[in-house]
Amino acid sequence: MNPAVTDATDQPVARLEGVRHRYGRHLVLAGVDLNVARGECVVLYGANGSGKSTLLALLSTRYAIREGAYHLDGLDVRHHGQEARERLLFVGHHTHLYGHLTSVENLLFFSDLRGLSVSEPQLRRALDTVGLAKAADKPVQWFSAGMRKRLALARMLLAQPLLLLLDEPYSALDTQGVNWLNAMLTDYLNQGGAVIMASHDPERVAVLHHRPHHLARGILTPLDTPRPEVA
Amino acid sequence: MNPAVTDATDQPVARLEGVRHRYGRHLVLAGVDLNVARGECVVLYGANGSGKSTLLALLSTRYAIREGAYHLDGLDVRHHGQEARERLLFVGHHTHLYGHLTSVENLLFFSDLRGLSVSEPQLRRALDTVGLAKAADKPVQWFSAGMRKRLALARMLLAQPLLLLLDEPYSALDTQGVNWLNAMLTDYLNQGGAVIMASHDPERVAVLHHRPHHLARGILTPLDTPRPEVA
Amino acid sequence: MFKAIYRIAWKDVAGDLRRRATLSSMLFFAISVLVVFQAAFEPDRKEALRLLPGLLWATTLFTTLVGLGRVFQAEEEDGAFEGLLLASVPRGVIFFGKWLGNLLLTLLVEFLILPLTMVLFNVDAWAHIPAILAILALGTLGLTGLGTLLAAMTRGARSRETLLALLLLPLTAPLLISGVQAVAAILATDGQVAPWLKLLVIFDVVYLAMTPWAFGWLVEE
Amino acid sequence: MFKAIYRIAWKDVAGDLRRRATLSSMLFFAISVLVVFQAAFEPDRKEALRLLPGLLWATTLFTTLVGLGRVFQAEEEDGAFEGLLLASVPRGVIFFGKWLGNLLLTLLVEFLILPLTMVLFNVDAWAHIPAILAILALGTLGLTGLGTLLAAMTRGARSRETLLALLLLPLTAPLLISGVQAVAAILATDGQVAPWLKLLVIFDVVYLAMTPWAFGWLVEE
Amino acid sequence: MNILKKIQPLVGLATLIALAIGLWYVYQAPADFQQGGAVRILYIHVPSAKIALLSYLFLTAASILYLWKRYEGADILAEAAASVGAAFTVITLASGSIWGKPMWGTWWAWDARLTSMLVLLILYKGLMVLRHSLDDPVKGARATAILAIIGAVDLPIIHYSVVWWRTLHQPPSLATGENTAVHITGPLLPPLLILSVAFILLGLYMVTVKARQIEARRHLDALEAARMHHDE
Ligand code: HEM
Ligand SMILES: Nc1ncnc2c1ncn2[C@@H]1O[C@H](COP(=O)(O)OP(=O)(O)OP(=O)(O)O)[C@@H](O)[C@H]1O
Ligand SMILES: Nc1ncnc2c1ncn2[C@@H]1O[C@H](COP(=O)(O)OP(=O)(O)OP(=O)(O)O)[C@@H](O)[C@H]1O
Ligand SMILES: [Mg+2]
Ligand SMILES: [Mg+2]
């Protein structure tokens, strides 16, 4: 992998300043600051309903930033939504897959929409890497939970995002899947990519070199310990 | 909790013999045998796509047993589907929740369908136990992943099933949620309930007294080690 | 058991009525169908009387059709329908619950659009309203019964609405014909209503006897 | 960009055509609508000629309406639509992709039902087929444009089909009227087609200019 | 929305005064020699028709403002205007129908004005239903605003298509609203003008009341949400 290159490599990949978000009038994020540099992995911990997925949705540009500032690769996301989307990849709770298309077709659709030029052999190699070689031409609707997750994650092998956003990436993966994902993430980080992920699984993240953060009452605070989640 | 009582307490709660299942011509389960007694917890491990969810769907009567035998509480499930459904509770990948109803209404609907007579204070107490007291009157569609999971699991406090089927129950739960679930399951097992769960998370199951099994190539084999999942 | 039927119907109807959206939107939908017919066919007063039975039934049919999508919509999310099937009630109960909710809403709408149709199309048949309502209700029993079954059948199918319509329309053609003829006979004053009514009743009995059983088969996997 | 439009449309159309289900079920749906009209109105030969424009347009309208549910159905599952919105293409491209797929299918069906209608209703207007097709196509542009927007708008709404119909029908009234009148004018040989065509074009321009923009606003969160 | 609170009593008072004067005039006005007392329906019919149409203008303006600036106040006004407009549309249709029975011998005719008024009612209804069918209030507000603007562009097209439809080649078999022999002159005019003003004020008053009610309800929802969130 070779995360998209920009000129100023010293600036942070993503920078959030005082980001607030409310659903209706229910304030979920009350001023979040975050800086992520190249090669860094930030992990968000926090209780159920604390707003991790919401924060990732904001980072992914799915929700618009109403209060606060979000710069991605130096671009103000508020005015450069489309450029920002080109630079990031989000794999969330949902897999964004089409049941009636096969694995290959799903990946093809994805790469066409992103304007990537990938050949079919490349696609099949990616599927092989995530352990879906045998299911390459099967419609996705019959996939098991873990197989869907693997396919969703296979996208990161095709796109070369600057910033990777993951929401509970380990859920539904078996041991082998977890190992494979961690190896892939380490690789990606070494090549200068940046990751922000939400997780409830400190044991599995432990392998990665990362900076844990804790989200509570709408405030994000850095943690020192690598096993941060406290009830 | 007080799992439904039957006369012959020595017979296994659930007994599978030579159960086979195919999707189209793709054989997923190739003769599964399993015995679960009262107070026992069986954990199914296995790679993604190995057929764990399929096995649970069969156990839950969601899929009909075509080959092999399945007895629940001494009843042949093939002929006593409805009686079997009265005795078991299944919490799967899907939460079976209605987004437009609130937490309380969802539980109320569930208990009415099962013919349980629970009062509203009881419901609210159950919600309190799973940490959703504040979200009791909120429509479920706004819930975070973990909150949905908690609500789905709250059902086990209302129904008093003989057999509890869980598909990856720990996914999406935060640390506190995992602790609470394990406490509840221990309780339930001590009172004579039986559990069959699929999981990828040996660390979290470790707290429970359980019998691990491994599913591979359609065959279910008991494991001795408590950390069984090998790639 | 009746509690379960009631509960399922309640969930659907209450969920809908709470927003007060469904009933009135079905009603206004029916009105816009009438506007469409007017714009499309421009009947004059005499013609309108002749077309009235057809207008009523076509509107009823399209309203039912468009309403059917709703019946299992709430069940689509997050495996809710699976949850229903895992409940320890006979399959027939689930079916009747779903059907009842649907029937009630459809009947209400019909009762409201009948006078409206007469006003909008300038038809003077006020004296026949109770009789026409009875015929509409009779037809609706079978129509919604079959419709609910088909809605269950096409759950999760691609191009679901189209498929649903495709299956429902030909199957209810006989019902439609007898309904139209029965209403026409009533309006003609010297027409013979009885044979058409008999036909309607036969359809109702056949459909309502068959559908719960078919539903049970359908959901067995 | 065109590749993305094409891809989105391809996904929808190919997915549908692969099962060969949608096209033929839309077609058969259209046929059953015609049968319903026949059963409901029983026009004689002369009357049928007068009703033909209305029959064609009413059938087109209901077919489109029933087809619209499909447009975003595939996007419903597992957050697929969210995925589309996360792609780095302008929102307008997504809209045009969805619209194109829908337009193609609808046009195909129209082209097939026109001769069928003539056969079923015994109308002899074969010479006018190209002109009528052109008018139908013109109307369909705006109709599917507005329809696609409304389908996007009602994604995830309760009682979605009813709502969709409720919103679409009044807004397309001018289209329906001018379409019916234009076809009627052609059949009447001495009728004036031009003013109605002008209206159709105005309608198309207005909707196709507004809807991509409105779509962009709609999905911004 | 503090302004609403301030202007509400003023508008209310003005409405009362205007209504009183107008109704007094109506009471004084002579019965029409052709129509007898039935002519008095005019005084309800015409002003409410005006409000029904004006409300849509107001709704469009509020919708544009909301989409552009994202003021929640604009959305509240839009929601209020939709329900007030719908109410007056119903009144127009009902009074017109009731009047139509003695005048034309029928409740309804598919004339241009009547048809487009019916479509307007369906549109109002569609806007109201759409807002509440979407569970996310922000999405609902945005979708409603967009639809309102589309409707605003469409209404003139509908009106003219309907006019042409009815006048281009087949003249309507029944008399239509505009062509009937009601010449509003002389003594009929002043009360009509005063009542029109009174109805405009009434419409404004209803919008303010409705807007404040909507605002209160939203506030309540927010408090509820906050309560659920903050007693952690
Ligand atoms: C359901 C039936 C009717 C509807 C929907 C209707 C609708 C309307 C509307 C929308 C207007 C306001 C036009 C404007 O301000 O631009 C109006 C005005 C008027 N209507 Fe009606 N009307 C109906 C029946 C009648 C009847 C039966 C009569 C009397 C024979 C009538 C007499 C008038 C008059 C005199 C005006 C004022 C003329 C003007 O300001 O241009 N209407 N009507
Ligand atoms: N409805 C279906 N039709 C066809 N094949 C299916 C269907 N459901 C599952 N399969 C296939 O059956 C196999 C087993 O699926 P299952 O969901 O039981 O796996 P699993 O063990 O639960 O996996 P995971 O750990 O990923 O949840 C998979 O290969 C899957 O593709
Ligand atoms: N669309 C929405 N509308 C209203 N409230 C919402 C919406 N989405 C989420 N919420 C609320 O916002 C809060 C944060 O939700 P979020 O999904 O971000 O939590 P999370 O940290 O991801 O939790 P989990 O660990 O369970 O996934 C929750 O209280 C939830 O109920
Ligand atoms: Mg989350
Ligand atoms: Mg599984």
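Note on naming: letters A, B, ... go to the chains in the order of the sequence lines (proteins, then strands), and numbering restarts at 1 for each one.
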Once rounded to the nearest 0.5 Å, what's the spacing between atom OH of D:Y207 and atom CD1 of E:I157? 6.0 Å
Does some side-chain heavy atom of D:L146 sit less than 4.5 Å from a side-chain heavy atom of E:D154? no
Heavy-atom proximity to chain E below 4.5 Å, by part of D:M210: side chain
Within a radius of less than 6.0 Å around OH of E:Y71, do more than 12 heavy atoms belonging to other residues, nucleotides or ligands occur? no
Do you know the tightest heavy-atom contact between E:R142 and D:L218? NH1-O, 3.9 Å
Specify the closest pair of heavy atoms between D:P174 and E:I158, including all atoms of both residues, with the distance to one decimal. CD-CG1, 3.4 Å
Heavy-atom proximity to chain D below 4.5 Å, by part of E:L155: neither
If I measure from the heavy atoms of chain E, does D:L171 come under 4.5 Å with its side chain, its backbone, both, or neither? both
What do you reckon, is NZ of D:K198 surrounded by more than 12 foreign heavy atoms closer than 6.0 Å? no
Only pairs of heavy atoms separated by less than 4.5 Å count here; which of E:I150, E:L123, E:V119, E:V138 has the most with chain D? E:I150
Report which part of E:V153 has an atom under 4.5 Å of a heavy atom belonging to chain D: side chain, backbone, both, or neither. side chain
Which portion of E:L147 sits near chain D, non-hydrogen atoms under 4.5 angstrom: both
Taking side chain as everything from C-beta outward and backbone as N, CA, C, O, which of these in D:L199 sits under 4.5 Å from a heavy atom of chain E? Side chain, backbone, both or neither. side chain
Most contact-rich option vs chain E, by heavy-atom pairs under 4.5 angstrom, among D:L150, D:L167, D:L149, is D:L167
Is the closest side-chain heavy-atom distance between E:I122 and D:L169 below 4.5 Å? no
Between D:F215 and E:I146, is a side-chain contact (heavy atoms from CB on, under 4.5 Å) present by the stated rule, with each step listed? CA-CA 9 Å; D:F215 181 80; E:I146 290 171; over 6 Å; no
